[in-house]
Amino acid sequence: MTTFTARPNKDFHKASAYFSKMYSELDLEKYKLAKYQELFKLSSFQAMHDADLAYHTIYRRCSENANSKQNLLNCLQQEERFLTKHPNAFNADTYRQHMLKAINEIREHLKSGDLDYLYF
């Protein structure tokens, strides 16, 4: 009798490392630099900050939940369902809009197979 087992993931941390890299590349520390403090008076700069904050948050969540595609999809669904305002966001609506955009982008990449190489 033939027994089938799931093929073990040779690089269990590949997907997590991918999202960690995306997370770290969105260096939010740059917004703490003195040269940017005056720019925070501009709504366009605040919107850019909130967009970076949203992507930073979702990439961090993805890196924590990337041990399987299904787990990652479940995480994205939960983030979408229970989305709350981030305390560092200037505008809750802008932050929410970018969080939803990031969630949808990642979900589409997962469903289309663009990120399959992270799991095989």
Side-chain angles (χ1 to χ4, degrees):
M1 180 171 147
T2 306
T3 318
F4 294 98
T5 59
R7 191 173 105 195
N9 190 343
K10 292 181 182 177
D11 193 358
F12 181 76
H13 300 288
K14 192 186 273 188
S16 181
Y18 170 80
F19 287 108
S20 290
K21 181 179 181 237
M22 300 293 284
Y23 164 79
S24 64
E25 286 179 354
L26 280 172
D27 180 25
L28 292 182
E29 293 298 313
K30 67 185 173 193
Y31 291 106
K32 294 180 182 177
L33 297 175
K35 67 181 181 179
Y36 290 134
Q37 297 312 304
E38 195 66 28
L39 293 174
F40 275 115
K41 295 177 183 175
L42 301 173
S43 61
S44 60
F45 194 75
Q46 292 175 2
M48 184 174 72
H49 170 271
D50 289 351
D52 281 352
L53 183 62
Y55 277 86
H56 191 261
T57 301
I58 200 64
Y59 288 149
R60 182 175 51 80
R61 294 273 193 332
C62 287
S63 71
E64 295 166 353
N65 294 282
N67 56 340
S68 73
K69 281 176 66 173
Q70 189 57 51
N71 195 39
L72 186 53
L73 287 168
N74 292 342
C75 169
L76 294 172
Q77 182 181 14
Q78 292 297 317
E79 286 297 318
E80 186 175 41
R81 183 177 294 153
F82 300 112
L83 187 60
T84 59
K85 181 189 182 305
H86 194 285
N88 296 336
F90 287 97
N91 184 308
D93 291 334
T94 302
Y95 175 78
R96 178 177 171 73
Q97 177 185 20
H98 286 285
M99 277 291 284
L100 293 172
K101 181 179 176 187
I103 289 168
N104 287 327
E105 286 175 2
I106 295 167
R107 185 181 291 134
E108 287 304 312
H109 285 297
L110 286 169
K111 288 183 178 180
S112 70
D114 292 344
L115 299 177
D116 281 354
Y117 70 96
L118 297 174
Y119 293 99
F120 298 108

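Below, each value reflects all heavy atoms present in this structure, side chains not excepted, and no hydrogens, waters or symmetry copies. In this chain, numbering begins with 1 at the start of the sequence shown.
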Among Y23, F19, Y31, ring pair (Phe, Tyr, Trp, His ring centres under 6.0 Å) partner for H56: Y23
Flag side-chain contact, heavy atom, 4.5 Å: Y55 against M22: no
Shortest non-hydrogen separation from C62 to I106 and the atoms involved: SG-CD1, 3.8 Å
Steps toward side chain to side chain donor-acceptor pair (under 3.5 Å) verdict (Q70, N74): CA-CA 6 Å; Q70 189 57 51; N74 292 342; 3.0 Å; yes
Residue pair H98, T94: steps toward the side-chain contact (heavy atoms from CB on, under 4.5 Å) verdict: CA-CA 6 Å; H98 286 285; T94 302; 3.7 Å; yes
Check: N67 and S16 side chains under 4.5 Å, non-hydrogen atoms: no
Nearest atoms (heavy-atom pairs only) where S63 meets R60: OG-O, 2.8 Å
Within 6.0 angstrom of E38 CD, more than 12 heavy atoms from elsewhere: no
Backbone N/O of N71 and side chain of N65: donor-acceptor pair under 3.5 Å: no
Side-chain donor or acceptor of Y119 paired with backbone N/O of A66 under 3.5 Å: yes
Non-hydrogen atoms of A102 and I58 that approach each other most closely: CB-CG2, 3.5 Å
L115 side, atom CG; L72 side, atom CG - distance, nearest 0.5 Å: 8.0 Å
Nearest-0.5 Å distance that lies between atom CZ in R96 and atom CG in L100: 5.0 Å
Rounded distance (nearest 0.5 Å) linking atom OG of S20 with atom NE2 of H13: 10.5 Å
4.5 Å side-chain heavy-atom contact, N88 and L28: no
Minimum side-chain heavy-atom gap Y117-Y18 below 4.5 Å: yes
Nearest heavy-atom neighbours spanning F40 and Q46: O-NE2, 2.6 Å
For R61, the option from M99, Q78, E79 that meets side chain to side chain contact (heavy atoms under 4.5 Å, CB included): E79
Same apolar cluster: L73 and F82, side chain cutoff 4.5 Å: no
CG-NE2 distance between L42 and H49, expressed to the nearest 0.5 angstrom: 14.0 Å
Heavy-atom closest pair, residues T57 and H86: OG1-CD2, 3.8 Å
S44 vs L39 side-chain heavy atoms within contact, under 4.5 Å: no
Closest approach of Y95 to T84 (non-hydrogen atoms, all atoms of both residues): CE2-O, 3.5 Å
Pair Q97-D93, side-chain donor/acceptor within less than 3.5 Å: no
Residues, nucleotides or ligands: over 12 heavy atoms within 6.0 Å of K101 NZ: no
NZ (K30) with more than 12 external heavy atoms under 6.0 Å: yes
Test log, rule side-chain contact (heavy atoms from CB on, under 4.5 Å), inputs D116 and K69: CA-CA 8 Å; D116 281 354; K69 281 176 66 173; 2.6 Å; yes
E108 bridged to K111 by N-O distance under 4.0 Å: no
Minimum side-chain heavy-atom gap R107-E80 below 4.5 Å: yes
